[in-house]
There are 2 protein chains.
Amino acid sequence: MTARKPADAAAGTQAGGREIPEATVARLPEYLRALTSLAEQGISVCSSEELAGAVNVNSAKLRKDLSYLGSYGTRGVGYDVDYLRYQIAREIGLTQDWPVAIVGIGNLGHALANYSGFGTRGFRVAALLDAAPERCEESVGGIPVRSFDDLDAVLAETPVAIGVIATPAGAAQGVADRLVGAGITSILNFAPTNLVVPAGVSVRKVDLSVELQILAYHEQRRAGAEELRGAAIAAAGEEQSA
Amino acid sequence: MTARKPADAAAGTQAGGREIPEATVARLPEYLRALTSLAEQGISVCSSEELAGAVNVNSAKLRKDLSYLGSYGTRGVGYDVDYLRYQIAREIGLTQDWPVAIVGIGNLGHALANYSGFGTRGFRVAALLDAAPERCEESVGGIPVRSFDDLDAVLAETPVAIGVIATPAGAAQGVADRLVGAGITSILNFAPTNLVVPAGVSVRKVDLSVELQILAYHEQRRAGAEELRGAAIAAAGEEQSA
DNA sequence: TAGATTGTTAATCGATTAACAATC
DNA sequence: TAGATTGTTAATCGATTAACAATC
């Protein structure tokens with residue numbers, strides 16, 4: 001499908017294809033979701049304006065983002081929903097299978113293992129690991145919980161592409177070290193610690209407490225602004241009466 | 001403590017204090033965590049270099065970030081850990097109480113309700129809501145699960161500053177509308193939907209599937225690069241033999 | 001051909017970082 | 001005073017966006 005253009009091969013980009021900016025990469029999954037939703041509604045063609053509206057971004061930004069992947073629209077017409085969807089999925093790598101291992105089967109790990117969104121797109125829970133599997137239920141969603149000590153044995157049986165860390169903060173770095181040691185190069189970290197990993201390993205962090213703090217900052221700011229407006233009105237009143 | 005300097009009051013910033021860039025706001029919680037960790041280790045003074053190292057950022061960036069808050073370091077010496085910690089906490093708004101309501105007490109909502117990181121810092125689970133509370137356990141961590149239909153009654157009893165949406169995607173927008181209608185202006189959304197909210201309402205989104213897709217992209221890219229390197233070596237070999 | 005919409009250019013904006021004067 | 005380190009400046013980099021030529 002869609003043979004790589006000679007121009008791309010000749011371009012002075014790094015090995016592996018065109019450079020896609022990080023900000024764009026982070027938006028591709030959003031576009032994909034919106035396209036899937038459009039397809040479900042039976043819509044087969046959409047303009048950049050429509051798709052951008054669904055994702056809440058500027059249409060120029062959307063077009064620029066898509067231009068990094070190639071030229072998959074038709075001027076004067078728009079984008080074929082299914083075709084664009086396939087191209088984005090291919091670019092992200094969702095046309096292949098991504099087995100995931102979850103480490104730490106506490107409340108969160110349990111929730112993640114049951115998360116239905118996991119199943120969609122190439123992602124698949126392939127292994128569940130815990131330091132003390134005897135404390136967990138024996139299996140979650142049909143996947144047995146194995147001891148983290150048996151990591152190498154488990155990975156020998158079941159290849160894993162992405163490790164998800166759902167342990168307490170104190171255990172996270174040790175788990176990351178062992179995952180990296182076992183050859184895993186993509187980690188999603190739910191523990192509130194900054195993992196240190198060698199170059200060539202990707203880590204993404206999801207941190208509830210950071211998100212709440214960012215919300216708190218803005219909330220406080222709004223409250224403060226109200227107070228100040230009140231104070232300004234009061235001060236204006238004082239000036240009047242002075 | 002630390003009276004607002006006249007210069008600040010006179011500065012042409014918007015109501016509510018100095019403008020802090022979004023990128024900086026997102027890092028303040030990280031600095032706070034690192035400072036707490038230093039304090040626990042009994043360290044009372046640190047340089048920007050040391051603190052930056054702990055958070056894995058450039059020390060110039062750290063100093064610039066802190067400069068938005070004020071001038072809390074000592075040239076030639078560094079930062080007083082406790083003092084800086086207090087100043088950042090105050091700036092974020094963590095010196096006050098932030099009651100949180102969690103909506104959707106499924107696997108994820110359950111995990112969030114039990115999340116210990118919640119308790120630390122002013123955050124506190126104040127209410128748990130579910131469309132069908134009879135399907136949930138009666139209470140989680142001592143907080144009863146109430147019907148989302150009773151939202152207004154619950155909020156009348158217990159003030160809530162931040163709403164956390166942990167419902168399925170399909171229900172999220174409706175829940176957001178009702179939260180906003182009830183006067184909540186900060187929402188943390190775990191459902192994979194882009195919420196539409198009026199101006200003046202903050203929404204942060206946590207999306208497992210997006211994070212996994214970003215990891216997949218980079219993982220695929222690394223694999224592709226390896227292949228290309230292999231191909232290049234093979235091609236070079238062919239040229240040799242040709 | 002006329003209308004619509006992409007893909008791209010160039011201007012703008014915001015974030016990062018090196019360098020250093022200020023100052024403890 | 002000499003050494004250390006902050007706070008700030010200015011250069012650089014990357015991301016956003018308006019505008020429009022290309023083209024269906």
Side-chain angles (χ1 to χ4, degrees), chain A residues 2 5 7-8 11 13-14 18-28 30-31 34-35 38 43-81 83-85 87-88 91 214 217, chain B residues 2 5 7-8 11 13-14 18-28 30-31 34-35 38 43-81 83-85 87-88 91 214 217:
Chain A
T2 59
K5 290 179 206 159
D8 282 338
T13 53
Q14 291 188 352
R18 322 127 281 250
E19 283 305 320
I20 298 186
E22 263 312 300
T24 296
V25 171
R27 281 188 295 267
L28 292 180
E30 309 283 357
Y31 300 152
L35 286 167
L38 289 176
I43 296 168
S44 63
V45 174
C46 71
S47 69
S48 64
E49 201 70 51
E50 287 163 334
L51 184 52
V55 183
N56 243 326
V57 304
N58 184 300
S59 72
K61 189 194 277 184
L62 169 72
R63 288 197 301 277
K64 187 144 230 317
D65 283 342
L66 295 184
S67 77
Y68 291 112
L69 312 197
S71 187
Y72 298 131
T74 308
R75 288 162 135 110
V77 177
Y79 300 92
D80 182 284
V81 169
Y83 182 60
L84 183 57
R85 194 152 66 116
Q87 292 301 341
I88 295 178
E91 188 70 38
I214 294 171
Y217 169 78
Chain B
T2 59
K5 290 181 204 157
D8 281 340
T13 55
Q14 292 188 353
R18 325 129 277 253
E19 283 304 323
I20 299 186
E22 263 312 299
T24 297
V25 170
R27 280 187 296 264
L28 292 179
E30 309 283 357
Y31 300 152
L35 286 166
L38 289 175
I43 295 167
S44 63
V45 173
C46 71
S47 69
S48 64
E49 201 71 49
E50 287 162 335
L51 184 53
V55 183
N56 243 325
V57 303
N58 183 300
S59 72
K61 189 194 277 186
L62 169 71
R63 289 198 301 279
K64 186 143 230 321
D65 282 344
L66 295 184
S67 77
Y68 292 112
L69 313 195
S71 186
Y72 298 129
T74 308
R75 286 161 134 108
V77 178
Y79 300 91
D80 182 285
V81 169
Y83 181 61
L84 183 57
R85 194 152 68 116
Q87 293 301 341
I88 295 178
E91 188 69 38
I214 294 170
Y217 170 78

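The sequence lines fix the lettering, A, B, ..., with proteins before strands; numbering per chain opens at 1.
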What residues, two or more places apart in sequence or in another chain, satisfy side-chain hydrogen bond (donor to acceptor under 3.5 Å, both in side chains) together with A:S44? none
Sort me out a list of protein N/O and nucleotides 22-24 of chain C N/O pairs below 3.5 Å, or just none if empty.
from	atom 1	to	atom 2	distance (Å)
C:dA22	N3	B:R75	NE	2.8
C:dT23	O4'	B:R75	NE	3.3
C:dC24	O4'	B:R75	O	3.4
C:dC24	O2	B:R75	O	3.4

Once you round to the nearest 0.5 Å, how far does CG of A:D80 lie from SG of A:C46? 9.0 Å
Least distance between heavy atoms, B:I214 atom then A:A26 atom: CD1-CA, 3.8 Å
Going by side chain to side chain contact (heavy atoms under 4.5 Å, CB included), name the residues that satisfy it together with A:S59, two or more places apart in sequence or in a different chain. A:S48, A:E49, A:A52, A:R63
Which whole-number value in Å describes the distance from B:L66 CG to D:dG7 P? 7 Å
Residues which pass side-chain hydrogen bond (donor to acceptor under 3.5 Å, both in side chains) with B:T74, listed by chain and number, not counting sequence neighbours: none
Indicate yes or no for a side-chain donor-acceptor contact from B:E30 to the backbone of B:R27 under 3.5 Å, with no hydrogens or angles considered. no
For A:E49 and C:dA4, give me the distance from atom CD to atom P, rounded to whole Å. 13 Å
Evaluate the criterion side chain to side chain contact (heavy atoms under 4.5 Å, CB included) for residue pair B:L66 and B:Y79; output intermediate values, then yes/no. CA-CA 10 Å; B:L66 295 184; B:Y79 300 91; 3.6 Å; yes
Can you pull every protein N or O that's under 3.5 Å from an N or O on nucleotides 11-18 of chain D?
from	atom 1	to	atom 2	distance (Å)
D:dT16	OP1	A:R27	NH1	3.0
D:dT16	OP2	A:R27	NH1	3.3
D:dT16	OP2	A:R27	NH2	2.8
D:dA18	OP2	A:N58	ND2	3.2

Whole-Å distance separating the CD atom of B:E50 from the C1' atom of D:dT6: 13 Å
From the options A:I43, A:L51, A:V55, select the one residue that forms a side-chain contact (heavy atoms from CB on, under 4.5 Å) with A:L35. A:L51
Nearest heavy-atom neighbours spanning A:Y68 and A:E19: CD2-O, 4.1 Å
For the residue pair B:Y217 and A:E91, what are the closest heavy atoms and their distance? CD1-O, 3.4 Å
From CG of A:L84 over to C1' of C:dT6, roughly how many Å is that when rounded to an integer? 12 Å
List DNA chain C stems (3 or more consecutive Watson-Crick/G-U pairs, under 3.5 Å)? C:3-24 with D:3-24
Check the phosphate of D:dT6 against B:S48, side-chain N and O only, distance under 4.0 Å to OP1 or OP2. Yes or no? yes
Looking only at non-hydrogen atoms, find the nearest pair between B:E50 and B:S47 and report the distance. OE1-N, 2.8 Å
